[in-house]
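Since the model is a prediction, treat every value here as computed from it, not as a measurement. Residue numbers start at 1 and run along the sequence shown.
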Amino acid sequence: MHLSGPLSGRWTAYLGLISTLSGVITPAVAVKEHDFKKCAQSGFCSRNRALADHVLSTNSWSSPYSILPESGSFKDGQYQAVVLKTINDNGDTVRLPLTVSFLESGTARVTIDEEKRQKGEIELRHDSKARKERYNEAEKWVIVGGLTLDKEAKVDFEDKSQLTVKYGPTSNFEAVIKFAPFGIDFKRDGVSQIKFNDQGLLNVEHWRPKIEKPAVENKDTPEGEQNQEDKEEKKEDEEEPKGEDESTWWDESFGSNTDSKPRGPESVGLDITFSGFEHVYGIPSHTGPLSLKTTRGGDGSYSEPYRLYNADVFEYILDSPMTLYGSIPFMQAHRKGSSVGVFWLNAAETWVDITKGKDSKNPLSLGIGSKTSTHTHWFSESGLLDVFVFLGPTPKDLTAKYGELTGTTTMPQEFALGYHQCRWNYVSDEDVKDVDRKMDKFKMPYDVIWLDIEYTDDKKYFTWDEHSFRDPIGMGKQLESHGRQLVTIIDPHIKNTDNYPVVAELKSKDLAVKNKDGNIFEGWCWPGSSHWIDAFKPAAREWWATLFKYASFKGSMENTWIWNDMNEPSVFNGPETTMPKDNLHDGNWEHRDVHNLNGMTFHNATHHALKTRKPGELRRPFVLTRAFFAGSQRIGAMWTGDNTAEWGHLKESIPMILSQNIAGFPFSGADVGGFFGNPDKQLLTRWYQAGAFYPFFRGHAHIDARRREPYLMGEPYNTIIAGALRLRYSLLPSWYTAFHQAHVDGTPIVKPLYYTHPDEEAGFPIDNQFFVGNTGLLVKPVTEENKETQDIFVPDNEVYYDYFTYNVVASGRAGKTVTVAAPLEKLPLLMRGGHIFPRRDIPRRSSQLQKWDDYTLVLTIPKDGKHAEGELYVDDGDSYDFEQGQYINRRFVYDGAAKTITSVDKEGRDTKSVKQGEWLKKYNGVRVDKIVVVGAEEKVWGKKTEVDVVDESGKGAWKAKVEFTPADKAAGRASFAVIKRVGASIGSDWKVEL
């Protein structure tokens with residue numbers, strides 16, 4: 001969070017004091033782009049772009065990288081060799097160890113290191129204490145599985161120029177490794193999919209000593225003659241070929257900060273071509289479309305590369321490749337019939353250029369003409385070149401294999417899927433309790449209320465302001481009595497002040513991040529002078545856990561959870577509002593090496609702390625983070641940061657969240673209403689309707705924004721917002737089921753059309769509508785002012801029903817757009833035929849108060865009337881007992897020919913063999929209350945007044961009443977039936993016979 005706009009007197013005085021004492025530039029009204037680097041201001045970015053410009057502008061370029069053939073060996077699914085980089089006209093070379101690993105999953109991994117740095121045979125400048133190697137520990141933080149080598153992989157062909165390896169579960173993948181110049185062509189079924197170094201942009205900046213060039217001075221020459229000599233010398237310089245430009249190799253300044261760069265230039269770069277792919281997706285977080293734009297200028301393109309460098313970019317601009325708070329270097333390419341992807345495992349600052357071009361074809365050849373390929377150019381400031389390659393062939397294959405490597409989303413507590421009410425700041429414990437009471441008074445369900453930094457005693461974390469929060473336990477108990485939770489903010493900066501035990505221990509135990517000289521780093525953030533915990537250090541993580549013990553964090557309770565903000569890290573007086581790159585972390589790794597991992601390590605430390613607050617308290621933690629990297633999905637939730645109360649920010653939130661979902665971090669959301677500014681009532685209402693379909697659903701506001709709790713809007717807005725909240729709560733069983741699927745195999749929770757309909761080309765660029773889990777629910781929130789209709793793209797020929805009216809919206813309209821009414825009170829929400837999804841229909845104040853309610857199943861009859869299916873996953877929503885089989889996982893099937901609706905265990909388990917714990921025993925009493933059949937055919941349902949319900953576990957059979965409503969053709973409404981009081985246990989095998 002950041003300050004903006006007219007500040008309160010308290011804050012004006014406070015920040016004025018900081019500014020006076022420290023010279024800190026305080027956060028401004030909106031993001032200042034000049035506070036953050038463009039590519040031309042980043043030495044390694046400009047060097048790699050310049051290389052690309054040179055290479056692509058000449059026909060004579062040959063990449064100086066080649067494999068030393070005699071160094072190569074292949075064993076047990078792994079190829080190892082040495083790549084030689086020719087560095088001058090004399091033929092001198094640098095040795096770069098290469099490893100290509102073929103994994104059992106069908107994923108390939110290509111890693112290039114630098115031998116001289118690897119062996120520590122380099123000299124550091126400035127007497128630096130930094131490590132000499134290229135950073136090689138990202139894998140330790142990011143990768144959790146999937147690295148078993150494919151011992152069935154085999155060399156299929158080899159000669160003096162190349163080597164071909166066949167691999168993959170069915171051996172239909174190939175890697176053609178070209179020796180000179182080095183390159184790899186990854187194929188599936190004999191067709192090129194991904195190419196490395198096809199354009200010759202591979203660049204591993206090897207170590208070299210800095211040679212100081214003495215200044216030439218001629219004191220005996222008169223001034224006029226010297227000027228003339230200078231001019232002649234300059235002319236000669238212009239005429240003579242120049243050596244490499246070293247101006248950005250060494251110490252590099254930006255603003256008032258200078259980076260000492262003790263290891264000199266060390267970037268790694270590579271061009272990766274997606275052959276025949278026009279659309280690429282991923283690499284969050286950025287604003288802009290889901291299908292990534294090109295970055296080399298021109299109409300509709302960016303002129304800057306996409307940047308991945310976690311930063312506190314408050315009140316960010318829209319439609320930009322500018323860096324934001326988190327980074328996931330996972331890119332997917334998609335075309336009809338194929339999805340492929342790459343994961344660039346590097347935690348340093350990274351930029352990605354994207355261009356597209358037509359592949360030339362022989363005009364006399366048969367088949368289609370030229371096709372578009374996407375050329376990407378990746379470059380990171382330091383570390384290894386380490387890339388994973390996924391050959392699909394489907395979008396689901398990519399997310400599953402990526403999840404196997406980096407982990408899948410954590411299984412959240414059920415309350416975390418409800419609505420969260422937040423602002424900077426609720427001013428007292430009485431204020432919190434008042435909001436809690438009023439949400440009930442206005443019948444607006446919610447689960448969590450949040451406290452920003454003002455709850456603390458003078459910005460000292462793990463404390464309470466004794467004047468405003470006199471009784472935090474009493475506050476927590478009121479929330480607990482309503483089934484609700486509290487989230488408090490705790491950031492990584494620790495106030496540097498006397499009489500504060502936390503900072504005293506941080507110093508005495510040597511657990512803080514250090515500056516380049518090896519002393520404790522001091523910077524400025526909300527508390528003023530601060531130090532930062534080094535969460536890379538095991539001892540720091542263990543110490544951090546002790547601070548969350550209930551006896552240590554007095555006033556916290558079992559329903560207290562945590563929000564990690566500012567963990568990029570945000571440093572108000574640092575370069576680009578973050579930490580100097582030459583700071584030192586555990587093991588003396590430079591901050592430049594680990595920057596994008598930093599937020600994840602802090603998030604991880606807090607997650608671990610909450611799991612160990614009390615012996616025997618084995619509960620799933622809830623921790624929200626702002627900064628993230630690949631693997632953060634295993635820990636908690638994220639949000640898109642400090643957005644603004646504008647229609648454009650509402651609109652952009654959808655592709656941003658979809659990008660998170662396909663990149664493996666689906667537990668994501670945006671601040672409903674916008675953090676900065678004051679939304680009008682129409683915007684806020686529309687934002688609640690959209691937010692009800694964010695995986696993470698939180699309203700938040702800036703300290704200077706007007707109070708905007710949803711009950712303050714007045715009518716008709718209160719009723720409409722309450723309806724959006726209740727819609728979210730009624731569908732919580734479907735949301736929880738979708739989260740479980742994401743936890744199991746990395747499936748997105750909200751899915752873009754290219755993911756659900758990978759052969760419908762018109763849907764590939766669409767990023768303003770999406771499906772929820774496997775429910776068949778298709779939502780397109782209204783994101784434009786005063787709009788009362790919505791155009792929805794229909795991706796297939798199935799029938800679609802309006803969720804609220806059961807009107808038939810589309811049938812047989814694949815690739816077409818339909819217009820639906822969307823007055824302010826109406827969210828455009830469709831149900832695709834052929835699905836069954838669960839919900840709960842009794843309004844409750846919180847998710848905890850509905851956990852024992854019976855279920856409603858909604859069955860949408862497909863166009864052909866033959867088959868529909870769906871699922872429900874449920875567990876206790878709190879503990880890890882689900883890992884011991886304490887859960888219910890049902891598959892519901894409608895068989896139109898047999899005229900049955902059945903429920904069976906989705907995994908085919910013999911549920912009778914599961915030893916039931918307390919929760920599972922109690923859940924036997926939870927029933928299916930009713931089944932709503934939308935599109936019920938009159939010839940099947942028209943004369944039915946009851947159906948047979950059979951308990952397949954041998955507990956008997958009974959009748960359930962049926963109410964049938966015929967179609968209203970004039971209104972366009974489908975016929976529907978309701979099977980009432982079904983009475984079957986939700987966890988049992990049962991059948992409804994029509």
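Put simply, CD on Q478 and CD1 on I449 are 9.5 Å apart, with the number rounded to the nearest 0.5 Å. Distance OH/Y894 to CG/L857: 14.5 Å, rounded to 0.5 Å. Taken from CD1 in I657 to CG in N661, the straight-line distance is 8.0 Å, to the nearest 0.5 Å. The distance from atom CG of L417 to atom CD1 of I749, rounded to the nearest 0.5 Å, is 8.0 Å. To the nearest 0.5 angstrom, I766 atom CD1 is 7.0 Å from N768 atom CG. Atoms CD1 and CD1, from I986 and I888 in turn, are 7.5 Å apart once rounded to the nearest 0.5 Å.
Every residue meeting the salt bridge (charged side-chain N to carboxylate O under 4.0 Å, His left out) condition with D802, not counting sequence neighbours, appears here in chain and number order: K826. Judged as a salt bridge (charged side-chain N to carboxylate O under 4.0 Å, His left out), and not counting sequence neighbours, E798 has no contacts. Applying the side chain to side chain donor-acceptor pair (under 3.5 Å) test to E937 and every residue at least two apart in sequence or in another chain returns nothing. Residues satisfying the salt bridge (charged side-chain N to carboxylate O under 4.0 Å, His left out) test with K922, not counting sequence neighbours, are none.
Ring centroids of Y419 and F697 are separated by less than 6.0 Å, placing the two rings close together. Between Y923 and W919, the ring centre distance stays below 6.0 Å. Between W735 and Y729, the distance from one ring center to the other does not fall under 6.0 angstrom.
For D440 and R845, the salt-bridge test passes: some basic side-chain N is under 4.0 Å from an acidic carboxylate O. Look at D905 and K912 and you find no salt bridge, because none of the NZ, NE, NH1 or NH2 atoms lies under 4.0 Å from a carboxylate O. Taking a cutoff of 4.0 Å between a charged side-chain nitrogen and a carboxylate oxygen, D796 and R813 do not qualify as a salt bridge. Between K851 and D853 there is no salt bridge, since none of the side-chain N atoms of the basic residue sits less than 4.0 Å from a carboxylate O of the acidic one. The residues K930 and D854 are annotated as not salt-bridged, no charged nitrogen and carboxylate oxygen being separated by less than 4.0 angstrom. Under 4.0 Å is where a charged nitrogen must lie from a carboxylate oxygen, and between D791 and K780 no such pair does. Comment: D447 does not engage R484 in a salt bridge, judged by the lack of any side-chain N to carboxylate O separation of less than 4.0 angstrom. Using a cut-off of 4.0 Å between Lys/Arg side-chain N and Asp/Glu carboxylate O, D876 and R620 are scored as salt-bridged. Salt bridge status for K899 with D895: absent, with no side-chain N to carboxylate O gap under 4.0 Å.
Between the Q421 side chain and the G699 main chain, no donor and acceptor come within less than 3.5 Å of each other. A side-chain donor-acceptor contact under 3.5 Å links R728 to the backbone of A692. Distance alone, capped at 3.5 Å, places no donor-acceptor pair between the D968 side chain and the A974 backbone. A donor-acceptor contact shorter than 3.5 Å is absent between the side chain of T410 and the backbone of P412. Side chain of S988 to main chain of W990: no donor-acceptor pair is present (N/O by atom type, distance under 3.5 Å, no hydrogens or angles). Side chain of S975 to backbone of A936: a donor-acceptor contact under 3.5 angstrom is found. Distance alone, capped at 3.5 Å, places no donor-acceptor pair between the R832 side chain and the Y801 backbone. Within the 3.5 Å criterion, the main-chain N or O of L479 finds no donor-acceptor partner in the side chain of S481. Side chain of R698 to backbone of D671: no donor-acceptor contact under 3.5 angstrom is found.
Side-chain contact, E869 with H867: a donor N or O sits under 3.5 Å from an acceptor N or O. Side-chain polar atoms of D875 and Q886 form no donor-acceptor pair below 3.5 angstrom. A side-chain donor from one of E907 and N889 sits under 3.5 Å from a side-chain acceptor of the other. Between N774 and H835, the side chains place no donor N or O within less than 3.5 Å of an acceptor N or O (distance only, hydrogens not considered). No donor-acceptor contact under 3.5 angstrom links the side chains of D929 and T856, judged on distance only. Looking at N924 and Q916, their side chains do bring a donor and an acceptor atom within 3.5 Å of each other. Judged purely by distance below 3.5 Å, without hydrogens or angles, the side chains of Y855 and R927 never pair a donor atom with an acceptor atom. No side-chain N or O of T685 forms a donor-acceptor pair with one of Q689 less than 3.5 Å apart. Side chain to side chain, K443 and N718 fail the donor-acceptor criterion of an N or O pair below 3.5 Å.
In terms of heavy-atom proximity, S734 sits nearest to F837 at OG-CB, 3.7 Å. In this structure, S903 and F892 approach most closely via the heavy-atom pair OG-CE2, 3.6 Å. For P838 against E871, the heavy-atom pair with the smallest separation is CD-O, 3.5 Å. Here the closest non-hydrogen pair linking F665 and G636 is CE2-O, 3.1 Å. Heavy atoms only, all atoms of each residue included: P795 and L753 are closest at CG-CD2, 4.4 Å. Between G746 and T408 the shortest heavy-atom distance is N-CG2, 3.5 Å.
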Item checked: Worked verdict on D767 versus I654 for side chain to side chain contact (heavy atoms under 4.5 Å, CB included) -> CA-CA 7 Å; D767 56 15; I654 296 172; 6.0 Å; no
Margin query: The test is ring-ring contact (aromatic ring centres under 6.0 Å, His included); show your working for F415 and W561 and say whether it passes.
Written below: CA-CA 11 Å; F415 77 76; W561 309 98; 5.8 Å; yes
Show every donor-acceptor pair shorter than 3.5 Å between a side-chain atom in residues 942-951 and any protein atom, with sequence neighbours excluded, or say none if there are none.
| unit_1 | atom_1 | unit_2 | atom_2 | d |
| --- | --- | --- | --- | --- |
| D948 | OD1 | K959 | NZ | 2.5 |
| D951 | OD1 | S953 | N | 2.8 |
| D951 | OD1 | S953 | OG | 2.3 |

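Between F882 and H743, the two ring planes are perpendicular [angle over 60°; tilted spans 30° to 60°]. Ring geometry for Y873 against Y736 counts as parallel: the plane angle stays under 30°, on a 0 to 90° scale with 60° as the upper cut. Using cut-offs of 30° and 60° for the angle between ring planes, the Y806 and F976 rings count as perpendicular. Using cut-offs of 30° and 60° for the angle between ring planes, the W450 and F622 rings count as perpendicular.
Using a 4.5 Å cut-off on side-chain heavy atoms (C-beta onward), P758 and T394 make no contact. V992 has its side chain out of reach of T900: every pair of non-hydrogen atoms, C-beta onward, lies at least 4.5 Å apart. Residues L778 and Y800 are in side-chain contact: their nearest non-hydrogen atoms beyond the backbone lie under 4.5 Å apart.
Under a cut-off of 6.0 angstrom, the local environment of CD in E825 is crowded, with over 12 non-hydrogen atoms contributed by other residues, nucleotides or ligands.
By the 6.0 Å and 45° rule, R909 stacks over the aromatic ring of Y887.
Listed by first then second residue, pairs satisfying salt bridge (charged side-chain N to carboxylate O under 4.0 Å, His left out) with a partner in residues 716-727 number zero, not counting sequence neighbours.
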